[in-house]
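This report refers to the structure that appears directly beneath it.
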There are 2 protein chains.
Amino acid sequence: MATKEPKTYTFTEMKDRYIGKVGTKERDEYEYELKMEVLGRMIKAARQERHLTQEELGRLIGVQKAQISKLENSANSASIDTIIKVFKALKAEINFNVRLENNFVKLT
Amino acid sequence: MATKEPKTYTFTEMKDRYIGKVGTKERDEYEYELKMEVLGRMIKAARQERHLTQEELGRLIGVQKAQISKLENSANSASIDTIIKVFKALKAEINFNVRLENNFVKLT
DNA sequence: AATTATGTTTCTATATTTGGAAACTTTATT
DNA sequence: AATAAAGTTTCCAAATATAGAAACATAATT
């Protein structure tokens with residue numbers, strides 16, 4: 001007879017179990033914080049790719065270097081204004097996609 | 001000899017002339033406001049596509065219906081929190097794309 | 001036309017972000 | 001190791017977003 005395999009778990013199963021299922025407050029907060037954290041890391045990576053210091057980027061778009069630091073480290077939230085300005089200065093793109101029926105409406 | 005053609009102007013030429021060239025404060029503000037306005041319209045379209053009232057959408061994500069109205073009409077700015085929540089509730093997508101050298105880093 | 005539902009605006013109060021500046025910590029340079 | 005540069009954190013003040021609720025305006029229904 002076949003050997004009994006130890007059960008393995010997917011990452012999703014683990015999150016469901018240890019954080020909470022999708023739709024619960026805990027899971028939603030986790031997903032949100034993760035998204036913000038990745039966003040911060042992306043901004044940092046892009047800034048460094050452009051060889052800019054936080055101070056230079058801040059001066060470029062008119063925000064304090066402290067704000068850039070906080071944004072990159074998800075120390076607090078941010079206004080959409082600041083995000084858009086940062087992406088513009090870094091020549092990066094934000095796409096807002098809305099799927100309507102089978103069509104896409106896209107704002108770049 | 002050939003008839004002298006009346007000069008025609010592109011949209012970009014018109015914007016350069018009557019608003020200001022890219023990089024000037026006036027032009028940047030114009031581009032930003034346009035982007036915010038389109039964003040608001042997209043959110044409204046998506047919400048209606050989902051057959052939700054502003055009040056329902058607000059309740060869904062935990063913000064006042066007045067905020068939804070203001071957001072849709074660009075009456076004020078918004079926090080990235082609210083934007084992300086709205087897009088999530090509308091099952092829409094925000095993509096933050098950063099082009100690094102020839103690669104893309106993408107956050108959906 | 002009257003009534004209801006939905007969307008917009010306004011008020012005050014509270015929460016959050018950002019500015020401005022400085023202190024402090026970490027990392028890089030010499 | 002000493003110094004400089006870059007990044008982080010903290011203070012208070014100012015600006016802005018949001019809550020909560022109500023008034024008001026517009027659109028939809030009956």
Side-chain angles (χ1 to χ4, degrees), chain A residues 25 28-90 92 94 96 98 100 105, chain B residues 25 28-90 92 94 96 98 100 105:
Chain A
K25 187 159 82 49
D28 282 356
E29 277 172 13
Y30 165 80
E31 302 284 3
Y32 167 75
E33 276 163 28
L34 186 58
K35 188 166 287 192
M36 287 301 290
E37 196 174 314
V38 175
L39 178 59
R41 285 169 191 270
M42 281 176 60
I43 288 173
K44 180 170 188 173
R47 176 179 61 79
Q48 290 177 329
E49 184 75 15
R50 309 295 187 237
H51 299 294
L52 293 170
T53 66
Q54 293 181 338
E55 193 167 18
E56 289 168 333
L57 177 57
R59 193 159 351 105
L60 219 48
I61 67 176
V63 306
Q64 296 281 116
K65 68 173 187 172
Q67 296 303 325
I68 304 293
S69 175
K70 286 172 189 166
L71 181 51
E72 287 184 353
N73 295 291
S74 311
N76 61 10
S77 184
S79 74
I80 185 73
D81 298 50
T82 304
I83 303 284
I84 289 178
K85 281 187 210 154
V86 166
F87 272 70
K88 179 183 167 66
L90 294 174
I94 311 183
F96 302 97
V98 177
L100 300 176
V105 174
Chain B
K25 187 158 82 50
D28 283 356
E29 276 172 13
Y30 165 81
E31 303 284 3
Y32 168 74
E33 277 162 27
L34 185 60
K35 189 166 285 192
M36 287 303 290
E37 195 174 315
V38 175
L39 179 59
R41 285 169 191 270
M42 281 178 60
I43 288 173
K44 179 171 190 172
R47 176 179 61 78
Q48 290 176 329
E49 184 74 15
R50 309 295 188 237
H51 301 294
L52 293 171
T53 66
Q54 292 182 340
E55 192 167 19
E56 289 168 333
L57 177 57
R59 192 161 349 104
L60 218 50
I61 68 176
V63 307
Q64 295 282 116
K65 67 173 185 171
Q67 295 305 324
I68 304 293
S69 174
K70 287 171 189 167
L71 181 51
E72 287 184 353
N73 296 290
S74 311
N76 60 11
S77 184
S79 74
I80 186 73
D81 296 52
T82 304
I83 303 283
I84 289 177
K85 282 188 208 153
V86 166
F87 273 70
K88 179 182 167 67
L90 294 175
I94 311 183
F96 302 97
V98 177
L100 300 175
V105 175

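The model shown is predicted, which means the values in this text are computed figures rather than measured ones. In what follows, chains carry the letters A, B, and so on, assigned in the order in which the sequence lines appear, proteins first and then strands, with residues in each chain numbered from 1.
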| said: Rounded at 0.5 Å granularity, tell me how far CD1 in Ile80(A) sits from CG in Asn76(B). | reply: 12.5 Å
| said: To the nearest 10°, give me the bend of the helix from dA1(C)-dT30(D) to dT30(C)-dA1(D), comparing the axes of its five terminal pairs at either end. | reply: 50°
Review item, side-chain donor-acceptor pairs of residues 54-70 of chain B, under 3.5 Å, at least two apart:
{"residue": "Gln54(B)", "atom": "NE2", "partner": "Glu72(B)", "partner atom": "OE1", "Å": "3.0"}
{"residue": "Glu56(B)", "atom": "OE1", "partner": "Thr53(B)", "partner atom": "N", "Å": "2.8"}
{"residue": "Glu56(B)", "atom": "OE1", "partner": "Thr53(B)", "partner atom": "OG1", "Å": "3.4"}

| Start and end of chain B contact along DNA chain D [non-hydrogen atoms, under 4.0 Å] | dA17(D) to dA21(D)
| request: Round to a whole Å and report the spacing from CD1 of Ile43(B) to C1' of dG7(C). | output: 16 Å
| query | When the distance from NE2 of His51(B) to P of dT6(C) is rounded to whole Å, what number comes out? | reply | 13 Å
| task | Starting at the 5' end of nucleotides 9-21 of chain C, put B wherever the base has a protein heavy atom under 4.0 Å, S where only the sugar-phosphate does, and a dash everywhere else. | result | BB------SBBBB
| Listed once per pair and sorted, the ring pair (Phe, Tyr, Trp, His ring centres under 6.0 Å) pairs that draw on residues 60-81 of chain B, sequence neighbours left out | none
| note | Tyr30(B) meets the side chain to side chain donor-acceptor pair (under 3.5 Å) criterion, sequence neighbours left out, with none
| field | Test side chain to side chain donor-acceptor pair (under 3.5 Å) applied to Glu31(A) - qualifying residues, sequence neighbours left out | value | Arg27(A)
What donor-acceptor contacts under 3.5 angstrom involve side-chain atoms of residues 37-45 of chain B, with partners at least two apart or in another chain?
{"residue": "Glu37(B)", "atom": "OE2", "partner": "Arg41(B)", "partner atom": "NH2", "Å": "3.3"}

| query | How long is the gap from CE on Met36(B) to CD1 on Ile84(A), to the nearest 0.5 Å? | reply | 5.5 Å
| task | Provide, to the nearest angstrom, the distance between the CZ atom belonging to Arg59(B) and the P atom belonging to dA5(C). | result | 13 Å
| query | Does Ser79(B) have any side chain to side chain donor-acceptor pair (under 3.5 Å) partners at least two apart in sequence or in another chain, and if so, which? | reply | Thr82(B)
| task | Please collect all ring pair (Phe, Tyr, Trp, His ring centres under 6.0 Å) contacts where either partner lies in residues 54-90 of chain A, sequence neighbours excluded, each pair once. | result | Phe87(A)-Phe96(B)
| said: Per the ring pair (Phe, Tyr, Trp, His ring centres under 6.0 Å) rule, what does the pair list look like for residues 34-55 of chain B, sequence neighbours excluded? | reply: none
